[in-house]
Amino acid sequence: MTKKIIIDTDPGVDDALAITLAFNSPELDVIGLTTVFGNVAVERSTANALILSQFSSYPVPVYQGHGQPMQRNTPNYPDFVHGADGFGNIDWPASDKQAESQHAVDFMIEQIRANPGQITLVALGPLTNLGRALEQAPDIAELVEEVVIMGGAVYTPGNVSPVAEANIIGDPDAADKVMTARWPLVMVGLDVTSQVLLSKEQTAAIARANPDQGKLLHQACDFYIDFYRNELGIPGCMVHDPLTLAYLIDPSLFELMSGPIRVANDGLAMGQTIFATAGRHYPHPGWENQPNQQVCLKVDKQRALDLVIQRLSTPTSLD
Ligand code: BDR
Ligand code: CA
């Protein structure tokens with residue numbers, strides 16, 4: 001059955017890959033893109049989401065969300081990773097479409113209430129919109145089908161500090177609220193996303209097979225892949241956000257563990273996602289009666305990469 005999803009996003013090069021992958025997947029029905037600050041300011045992530053929405057064969061509305069974390073100032077944008085435009089400095093023409101006037105958080109709440117048990121939230125950026133939605137409408141926790149987030153790191157190092165992943169440290173207060181809410185959540189973090197790399201040769205092949213979508217993706221990935229080569233000495237970019245969609249399409253690609261997740265919100269550990277195995281009791285405060293969530297810890301790298309490349313190479317008809 002087709003899953004109705006809302007993608008909350010900060011495009012973002014790998015967000016662009018993930019959104020395109022979702023549009024090209026018959027298992028998924030993207031009912032809206034909601035935007036958040038993160039890789040770029042929220043106005044820019046909205047403009048980028050509008051560009052990407054044209055890659056869909058069906059209308060996908062865009063709703064602008066929050067431009068700063070729940071309790072802190074907006075962090076610096078990582079232009080050295082995604083470019084100042086979020087697409088690797090490619091100067092892509094703006095869309096002539098407009099964002100909807102409804103706020104992203106109101107859209108999420110309205111859709112979840114109107115479709116009980118049917119909406120999956122997919123979060124690809126800092127978790128501010130989801131945190132605000134829970135604050136505004138706590139009842140959505142038991143109405144949502146599932147929440148799948150790209151973020152965090154359990155047994156692998158962070159990418160912004162030795163322990164923190166970018167989306168989580170982007171709003172650690174919201175992240176803790178989202179991880180400890182009583183809704184079914186799956187964390188697709190660096191433990192798996194750092195394992196799957198996409199090379200320039202592969203993005204070039206995608207652009208040849210699927211020029212309408214692949215031209216932007218290939219050009220945007222050029223800068224992003226250079227960052228990975230120069231910073232980490234690896235021959236491709238990590239496909240963080242696309243793996244979140246891969247989980248929804250084929251969960252058998254992953255091995256998961258269950259248990260509570262908390263997020264450190266202060267000091268050197270700020271943004272760390274701390275995972276406690278389900279059923280283990282700790283005397284230290286903060287761990288009693290927390291809901292069990294699911295964390296992806298292993299991925300079948302080759303099958304996951306094959307899925308990403310196949311979906312990005314094969315558009316649904318764009319007429
Ligand atoms: C995450 O942070 C952003 O830079 C990417 O778009 C991805 O969502 C990876 O840590
Ligand atoms: Ca992202």
Side-chain angles (χ1 to χ4, degrees), residues 1-35 45 48-62 86-88 90 92 95 97 119-125 146 148 150 188 192-193 196-222 224-225 236-254 299-319:
M1 208 181 77
T2 313
K3 273 182 192 295
K4 283 187 197 307
I5 67 172
I6 296 173
I7 303 182
D8 190 65
T9 178
D10 60 338
V13 178
D14 60 325
D15 300 75
L17 298 171
I19 290 166
T20 308
L21 192 159
F23 291 158
N24 294 353
S25 296
E27 301 86 349
L28 305 174
D29 174 12
V30 184
I31 65 164
L33 299 176
T34 56
T35 63
S45 76
N48 289 350
L50 286 164
I51 292 172
L52 296 167
S53 71
Q54 294 172 312
F55 285 180
S56 173
S57 59
Y58 52 94
V60 178
V62 173
F87 284 163
I90 58 173
W92 199 265
S95 161
K97 292 197 164 25
I119 303 290
T120 297
L121 293 179
V122 181
L124 308 180
E146 192 171 36
V148 184
M150 191 284 131
V188 184
V192 289
T193 66
V196 183
L197 302 183
L198 187 67
S199 70
K200 287 197 183 191
E201 292 70 31
Q202 287 161 332
T203 63
I206 289 167
R208 282 195 299 277
N210 172 16
D212 286 344
Q213 300 170 330
K215 188 170 168 219
L216 183 154
L217 301 177
H218 176 48
Q219 287 185 20
C221 280
D222 201 46
Y224 192 52
I225 293 174
C237 61
M238 296 176 182
V239 288
H240 302 293
D241 293 341
L243 281 204
T244 311
L245 282 305
Y247 170 78
L248 283 173
I249 294 165
D250 184 0
S252 79
L253 295 169
F254 298 90
V299 57
D300 184 329
K301 296 184 213 181
Q302 192 58 53
R303 278 177 60 224
L305 183 63
D306 289 348
L307 174 75
V308 169
I309 292 175
Q310 190 269 330
R311 295 300 168 102
L312 293 178
S313 304
T314 321
T316 49
S317 72
L318 282 173
D319 41 36

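These numbers come from the heavy atoms of this one structure, side chains and all, not from hydrogens, waters or symmetry mates. Here the structure is a predicted model, which means the values were calculated and not measured. All residue numbers refer to positions in the sequence shown, counting from 1.
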Does [X] have any side chain to side chain donor-acceptor pair (under 3.5 Å) partners at least two apart in sequence or in another chain, and if so, which?
X	value
Thr9	Asp15
Thr20	none
Arg208	none

Evaluate the side-chain proximity of [Y] to [X]: yes if any heavy-atom separation is below 4.5 Å, no if none is.
X	Y	result
Thr193	Asp14	no
Leu245	Ser25	no
Ile51	Phe87	yes
Ile31	Ile119	yes
Trp92	Lys215	yes
Asn24	Asn210	yes
Thr2	Pro26	no
Val308	Leu17	no

What pair of heavy atoms forms the shortest contact from [X] to [Y], and how long is it?
X	Y	value
Pro11	Ile19	CG-CD1, 4.4 Å
Ala18	Leu124	CB-CD1, 3.8 Å
Gln213	Leu312	OE1-O, 4.3 Å
Leu21	Pro242	CD1-CB, 4.0 Å
Ser199	Ile225	C-CD1, 3.8 Å
Gly88	Val13	N-CG2, 4.1 Å

Practice prompt. Would you confirm whether Tyr58, through its side chain, and Val30, through its main-chain N or O, come within 3.5 Å as a donor-acceptor pair?
Written response: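 Side chain of Tyr58 to backbone of Val30: a pair is present.
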Fill in: Main-chain N/O of Phe55 paired to Asp212 side chain as donor or acceptor, under 3.5 Å
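The answer is no, because no donor-acceptor pair under 3.5 Å joins these two groups.
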Discussion item. Using the ring-ring contact (aromatic ring centres under 6.0 Å, His included) criterion, which residues pair with Phe23? Sequence neighbours excluded.
Written reply: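 Result, ring-ring contact (aromatic ring centres under 6.0 Å, His included) vs Phe23: none returned.
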Item to complete: State, without any angle test, whether Thr34 and Asp8 hold a side-chain donor-acceptor pair at a distance under 3.5 Å.
Response: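 Present: a donor and an acceptor within the cut-off.
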Practice prompt. Any pair with a residue in residues 239-252 that passes salt bridge (charged side-chain N to carboxylate O under 4.0 Å, His left out), sequence neighbours left out, goes on the list, sorted by first then second residue, please.
Written response: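 Matches after skipping sequence neighbours: Asp250-Arg303.
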Discussion item. So, using salt bridge (charged side-chain N to carboxylate O under 4.0 Å, His left out) as the criterion, who are the partners of Lys200 when residues are at least two apart?
Written reply: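 With sequence neighbours excluded, Lys200 shows a salt bridge (charged side-chain N to carboxylate O under 4.0 Å, His left out) to Asp222, Asp226, given in chain and number order.
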